[in-house]
Amino acid sequence: MDSGDTSWVLASAALVLLMTPGLALFYGGMVRAKSVLNMMMMSFGSLALVSVLWVLYGYSMTFGTDKSKVIGDPGEYLGLKGLMDPEALSGTIPTMAFVAFQGVFAVITVALISGAIADRAKFGTWMVFVGIWVTLVYFPVAHWVWGGGWIMKDVEAIDFAGGTAVHINAGVAGLALALVLGKRIGFAKEPMRPHNLPLVMIGAGLLWFGWFGFNAGSAVAANATASVAWVNTFVATGAATLGWLLTERFRDGHATSLGAASGVVAGLVAITPACHSVSPVGAIALGALAGVLCALAVGLKYRFGYDDSLDVVGVHLVGGLVGTLAIGLLADPDAPAGASGLLAGGGASLLGKQAIGAFSVLGYSLIVTLIIGLVLEKTIGFRVTTETEVSGIDLDVHAESGYDLTPATSGAFRQQSSKAAAPTGEGAMA
Amino acid sequence: MDSGDTSWVLASAALVLLMTPGLALFYGGMVRAKSVLNMMMMSFGSLALVSVLWVLYGYSMTFGTDKSKVIGDPGEYLGLKGLMDPEALSGTIPTMAFVAFQGVFAVITVALISGAIADRAKFGTWMVFVGIWVTLVYFPVAHWVWGGGWIMKDVEAIDFAGGTAVHINAGVAGLALALVLGKRIGFAKEPMRPHNLPLVMIGAGLLWFGWFGFNAGSAVAANATASVAWVNTFVATGAATLGWLLTERFRDGHATSLGAASGVVAGLVAITPACHSVSPVGAIALGALAGVLCALAVGLKYRFGYDDSLDVVGVHLVGGLVGTLAIGLLADPDAPAGASGLLAGGGASLLGKQAIGAFSVLGYSLIVTLIIGLVLEKTIGFRVTTETEVSGIDLDVHAESGYDLTPATSGAFRQQSSKAAAPTGEGAMA
Amino acid sequence: MDSGDTSWVLASAALVLLMTPGLALFYGGMVRAKSVLNMMMMSFGSLALVSVLWVLYGYSMTFGTDKSKVIGDPGEYLGLKGLMDPEALSGTIPTMAFVAFQGVFAVITVALISGAIADRAKFGTWMVFVGIWVTLVYFPVAHWVWGGGWIMKDVEAIDFAGGTAVHINAGVAGLALALVLGKRIGFAKEPMRPHNLPLVMIGAGLLWFGWFGFNAGSAVAANATASVAWVNTFVATGAATLGWLLTERFRDGHATSLGAASGVVAGLVAITPACHSVSPVGAIALGALAGVLCALAVGLKYRFGYDDSLDVVGVHLVGGLVGTLAIGLLADPDAPAGASGLLAGGGASLLGKQAIGAFSVLGYSLIVTLIIGLVLEKTIGFRVTTETEVSGIDLDVHAESGYDLTPATSGAFRQQSSKAAAPTGEGAMA
Amino acid sequence: MKLVVAVIKPHMVDTVKDALQGAGVHGLTVSEANGFGRQRGHTEVYRGAEYTVDLVPKVRIEVLVEAEEAQAVADTLVQAARTGKIGDGKVWIMPVEEVIRVRTGERGTDAL
Amino acid sequence: MKLVVAVIKPHMVDTVKDALQGAGVHGLTVSEANGFGRQRGHTEVYRGAEYTVDLVPKVRIEVLVEAEEAQAVADTLVQAARTGKIGDGKVWIMPVEEVIRVRTGERGTDAL
Amino acid sequence: MKLVVAVIKPHMVDTVKDALQGAGVHGLTVSEANGFGRQRGHTEVYRGAEYTVDLVPKVRIEVLVEAEEAQAVADTLVQAARTGKIGDGKVWIMPVEEVIRVRTGERGTDAL
Ligand SMILES: Nc1ncnc2c1ncn2[C@@H]1O[C@H](COP(=O)(O)OP(=O)(O)O)[C@@H](O)[C@H]1O
Ligand SMILES: Nc1ncnc2c1ncn2[C@@H]1O[C@H](COP(=O)(O)OP(=O)(O)O)[C@@H](O)[C@H]1O
Ligand SMILES: Nc1ncnc2c1ncn2[C@@H]1O[C@H](COP(=O)(O)OP(=O)(O)O)[C@@H](O)[C@H]1O
């Protein structure tokens, strides 16, 4: 066991954990004031449920002994049994550190999806969806890509930190749910602008920070590979942000702060699979490309009429594809992965592998998510009533509203009738 | 010296430091808009004062050579003397790293108390309280539990990261101050709902993140123990959040975002003492239990009529007790602590030790805090005037208000009379 | 290569990266609601552009082979060429980790300047300024101080983590730009108070957290030096916050939350150059001094009539000078630097070196920044129109407004006319 | 000149605005308000305590009209804002003695 | 019909609301305002500069009442809102020509 | 007694307040509003879609004055608030039957 590597993986796991609350803020700021809490609850709910499922059987399904390159043995590490043994190592670190690091990946992937169905999903149904989706889609896909499954072993596609397993996967699942739930009332008619852009910026900042654990932590060691991943993550993001802002400036006349925040995320998404296979200059190219393409892609929903409310498709699916496929072009043999892309004279074979990996996951996730979504919609219902949606999901579903900032309503009004209610189950605490 | 362990402890210390600003936001969002700044100032003030006292004599009182198992020698490391020596080690890390890590624990413990006295405490008196309390209560208790005192040596209770020394201690001190200061005007009559729930969520997110330093950092090494603590912290929190939300859903009909944020904290509190002595499945049980019990416990203040404004008692005292006592039931011999609880066939002796440790600290802290509080209230006064409380403590005490978001008041009004005031002591800067 | 040191430097680099979004929030909360986004965009824009320039030629200009003690060879590591080699080490860590850590320093230094020109700078011109300034001022100055240039080799001034290279440099550049752009409309007549103090506190919290990477990370190893730097950073900040709050309390009658946040930053700034050369007790003295002096210094702008809007001069220039010069007085031979200041009997020579280093950079940065600023103002224009400034730069420049919190305007109004615009370049995505 | 004032449910503003435009009204002023009336706010159980919130968000609309159009405008408003549920609000008409357009100084009907 | 309007201190709203209910008023509308008058805002010394803030937060209450009750309601309001300190605010009465309840279309007294 | 109401551009409030003080007005009440009129909000292209925002921020000012001063105050207001651009707003005068100062119970002119 190497304490330095363990230190970095534990720190990285904490960084990735922070990404989910960061995402809650990023998404929460983008919706209208009346649904900010519901939006954040979808992320917090994912964190709560997925952490438990991961420990119970998720880790085992993903990293248990491979069965036919399709799934890990779910019984092997049921409830993480045997893994507290100090001798249990994954490479140079305790297996429990690896469990931690991979667990937070599962959480954030599910949470990402929620951006596509802002303002209109029943919270209870969302929670049921989270449990089913992570089991039927995320655990298998992560096994294929990282746990010894067919994409890793047979296709041999490069996905360093999750372009395919996380972003394409979540992005297309978002698309599926957006189709199942349908458009928000007023979609493409009302602007539905972010109600709190500083909140979006806080979220973007925390995502950015956490992503260094996501990408550089994926080296599962504190070494040169992690360092290269760090620098590539840094510079690709900068280039993507510039790309997005210039696209906006050129097309709309203004560089917006939502554009800056989105550009940051687009760059982070795109470099995720590629951060140990391209050079820093390649990362600049990749980032800039992702920034421009994602800035254009977020407009597609108006053209095709699906309400991907917070641009999960435009940023995560498109950005994930850009990053995954660009490896086939830009992979630099001097980078830690040692692979050569088309432009480095490595021929088209790497591009082919990348495409197979990406589109297989895209297809699988799209179909399975559509089925899960439709079944839930037909049985317990997935979308709230029109009245709830118009008057605001926070008040109806969570019995709260995000803000109470005005002097007159904060404390000035004593309530007509109010009584302290005893907790149900009178003697429960006695 | 091990650089990997040092790296993890330094990172953990930074993570724990962040918890205090995180707490400021968590608490700040929960009060009404008119007292958000005062609430945050109590945390920032603790950080400022406790850091200085820790360096001057706190570390020495806590970790100096033990005197009669009651207190460390305060003179030994006065002003941290001698500890800059590169040979000064604590285990495998430089002693200064240990000083850093333990210092931020003292800070957050004091800051936690402030939640019980929201909206109504004089800031100056609070600062005096901070200095006295940390000296008379925190430093001794931390010595008993971790520094070689009687709870560590004679009782041999398990408190990995501070269930007793931090949460029970701060929770019951909050109760004492809530009793001394009395209820807010309108308590149990007005709803006094959080004015800014996204701010609460930001705070909860940062606390969550920082807590991985708090718990996994308490291994004071980057090893298997730290990794187990990490995973247990992760999963207990998820289970507690689920427990709290289900309790709310069942009792009130709605799962709230304040419930989610509180559930997160309840889970973190409860797993704190236990994170290296239970298995991951035990952590799920412990977390779920804490989530349910704390959700019920926050209603107790209405039954018994103490105004623990932001539920320091309901979450930290109750959660700390749940976690500390549950070790006696759930401790798993395979976990790093190697102890066996009742359910693992270890008999009731561990439970007994845990109870003795917990209730001794509870009693000591309650009594001493009551005395400190009463003396301050009778001498310099602890509670603001009714007028200040009604019109808002921020404006009166800090001469500021939290927000100025409306277009008309932000910059539209030029002031009637205004002049640039020269800094007092004209030539001071010259 | 030492994995523990690498782990700490990678974590520190992430911490320092977070400081720039943290600064965006800190600054963003301080302006009026109508310009919060523009304020944040200046930080995000720096991050985007400087990261790319750093990779392209900045690292090479700063840390490439020294040319006449003035500048590093810009061609040597153009595009970081050769540095992905796993054998490329800087001390005990991969050179790429060092590139990462130093890169985020460049970013935050530029971003700091923006506080001086709040509410009134053209975003496009700001971005051009960023590119020119970092190239002509930051890269050379960082080379002088850290990269083998004349301040490091000939003057031998101590600047552990950037009192001179970062804070004096950015502080005086802020002064230069404030002079070039002139005062905001209403300066010293309207209060122009922070529109969102909780946002300021979030920013201060994140800066505080990140600064432990900045200072303790500057040891470029996880060792005793880093640990001492950590503790000094911790305690100096506390002392500075107390100093600032007491100054306010004494002078104005109230301790404000903006004062607490500013005191935190003032302490962090002042201890930055000194954190490995003073003792913890020296750090308390230094912090307290900085807190008091900076609290007085922020009033200077009214006396001298320059509109340093968010106190970049008062906090960063003054705090940087205090910290840099105080080393000459307080340096303790037992501290890792092993240098003796005047009070430790080391004579005035260290103070002299510190002064030469500090004022050389001050002079250079002031003059070059004035020239860059004036050229930009005369050519493409730096200041927005009066109308934009009065009605708010966010709406005019970024076509957004920070908040839309009111129930009636968030979603209640369907737009008169609205159509989904196809992304320009119709077939771009097809 | 008359001033027609309406206090209505926030989510009806859009419909009302469209209806008024259809009825030839070219300008109006909108502001936030809170209403107290038969419609009670929700009863909340929050963290184990129960509260009744009795102020509900409303929007206040003011329309300056010529005297003879006041009734018609009020009727249009009432039609458009109706959902049939408690809390739909009130519309009332008040006398106005003079109206001036700030930009031009025009008075009376020309100022509308 | 009359409209009784009051501009009062924010923390008196609750007392006023209770008093009005006691006096038989069944509905009212509340909104935020800022007042300028004899009561000056506080003088601030902020970061070394001194300012006078002269707008202070107020709440605006509107109550539609039958003509004969207007004086009584205004008096109740004045009693309830009084703290005796500068800045307590104003109450005034304005004529109203017509009131309509949106939900039912009822007019006049029935609409209240 | 009259009530002079003005709906004006937010950034003119200061000028208006100074002008009114110059004209002997000692108090007024200000609140936030949004206006719809000839002045359209900006057309936005946001993330690839285009929208027209047609409500623009305004400020609403109320001044209670003696009947004979109403015209003069309205004129002062109009002068001070004018920028000459569309959207400058409206000023109107309404009858008031009674004014009471809450603090003292004074009525009529004494209450101003
Ligand atoms: N007497 C009144 N004066 C002023 N506003 C009133 C009055 N009565 C009701 N309102 C306003 O009308 C709104 C709707 O009234 P309410 O009694 O709840 O329903 P409805 O008008 O459908 O009977 C209230 O929320 C309040 O804003
Ligand atoms: N002439 C006026 N027109 C409209 N509102 C006024 C007028 N005079 C005062 N007010 C309102 O009444 C409030 C209280 O007035 P002020 O002069 O401060 O105290 P008081 O009424 O106790 O003498 C002001 O803040 C303002 O909102
Ligand atoms: N009929 C009306 N009733 C009430 N307010 C009106 C009316 N017409 C205009 N306003 C208000 O006056 C503002 C300015 O009107 P607008 O038509 O845009 O410009 P102008 O008055 O310069 O012609 C509007 O934003 C609105 O607040």
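Below, chain A is the first sequence line, B the second, and so on; all start at residue 1.
Both the backbone and the side chain of C/A13 come within contact range of chain A, each with at least one heavy atom under 4.5 Å from a heavy atom of that chain. Using a 4.5 Å cut-off between heavy atoms, A/A216 does not touch chain C at all. With a threshold of 4.5 angstrom between heavy atoms, C/I202 approaches chain A through side-chain atoms but not through N, CA, C or O. Heavy atoms of A/V390 lying under 4.5 Å from chain C are absent altogether. Interface remark: C/A24 contributes no atoms to any contact with chain A (heavy atom separation under 4.5 Å). Residue A/T225 does not touch chain C at all, counting heavy-atom pairs closer than 4.5 Å. Interface residue A/D2: only side-chain heavy atoms are found under 4.5 Å from chain C. At a 4.5 Å heavy-atom cutoff, the contact between C/V104 and chain A is made by backbone and side-chain atoms alike. Only the backbone of C/S401 has a heavy atom closer than 4.5 Å to any heavy atom of chain A. Interface residue A/S7: backbone and side-chain heavy atoms are both found under 4.5 Å from chain C. With a 4.5 angstrom heavy-atom cutoff, A/L199 does not touch chain C via any of its atoms. The part of C/D396 that comes within reach of chain A is its backbone (N, CA, C, O), which places non-hydrogen atoms under 4.5 angstrom from that chain. If you measure heavy-atom distances from C/L25 to chain A, the contacts under 4.5 Å come from the side chain alone.
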- Task: Could you please spell out the steps behind the side-chain hydrogen bond (donor to acceptor under 3.5 Å, both in side chains) verdict for A/N215 and A/T233?
- Result: CA-CA 7 Å; A/N215 285 2; A/T233 300; 3.0 Å; yes
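Here the straight-line distance linking atom CE of C/M30 with atom CG of C/N196 works out to 12.0 Å at 0.5 Å rounding. Atom CZ in A/R249 sits 14.0 Å away from atom CG in A/L242 (nearest 0.5 Å). Taking CH2 of C/W8 as the reference point, atom CG of C/L15 lies at 6.0 Å (rounded to 0.5 Å). From A/N232, atom CG reaches atom CD1 of A/I271 across 5.0 Å, with rounding to the nearest 0.5 Å.
Between chain C and the residues A/S3, A/P194, A/A335, A/A260, the largest count of heavy-atom pairs under 4.5 Å involves A/A335. Across C/F98, C/Y403, C/W54, the residue that shares the most heavy-atom pairs under 4.5 angstrom with chain A is C/Y403. With chain A as partner, the option from C/G210, C/A48, C/A88, C/G124 having the largest number of non-hydrogen pairs under 4.5 angstrom is C/A48. The candidate from C/M41, C/E87, C/M127 with the greatest count of non-hydrogen atom pairs under 4.5 Å with chain A is C/M41. Options C/G402, C/G4, C/P86, C/A97 differ in how many heavy-atom pairs under 4.5 Å they form with chain A, and the most are formed by C/G402.
When ring centroids are compared, C/F105 and C/Y138 stay outside the 6.0 Å threshold.
Just one residue in the list C/L80, C/V52, C/L56 forms a side-chain contact (heavy atoms from CB on, under 4.5 Å) with A/P280, and that residue is C/L80.
Residues from residues 16-23 of chain C that place a non-hydrogen atom less than 4.5 Å from a non-hydrogen atom of chain A comprise C/L17, C/L18, C/P21, given in numerical order.
C/W126 places a side-chain N or O within donor-acceptor distance of the main-chain N or O of C/M42, the cut-off being under 3.5 Å.
Between C/F101 and C/F214, the closest heavy-atom pair is CZ-O, 3.9 Å. Taking all atoms of both residues into account, the shortest heavy-atom contact from C/L37 to C/E400 is CD1-CB, 3.6 Å. Nearest heavy atoms, C/A118 versus C/M39: CB-SD, 3.6 Å.
Ion pair A/K301/A/D311 flagged as a salt bridge, since at least one NZ, NE, NH1 or NH2 atom sits closer than 4.0 Å to an Asp/Glu carboxylate oxygen.
Around atom NZ of C/K81, more than 12 heavy atoms belonging to other residues, nucleotides or ligands sit under 6.0 Å away.
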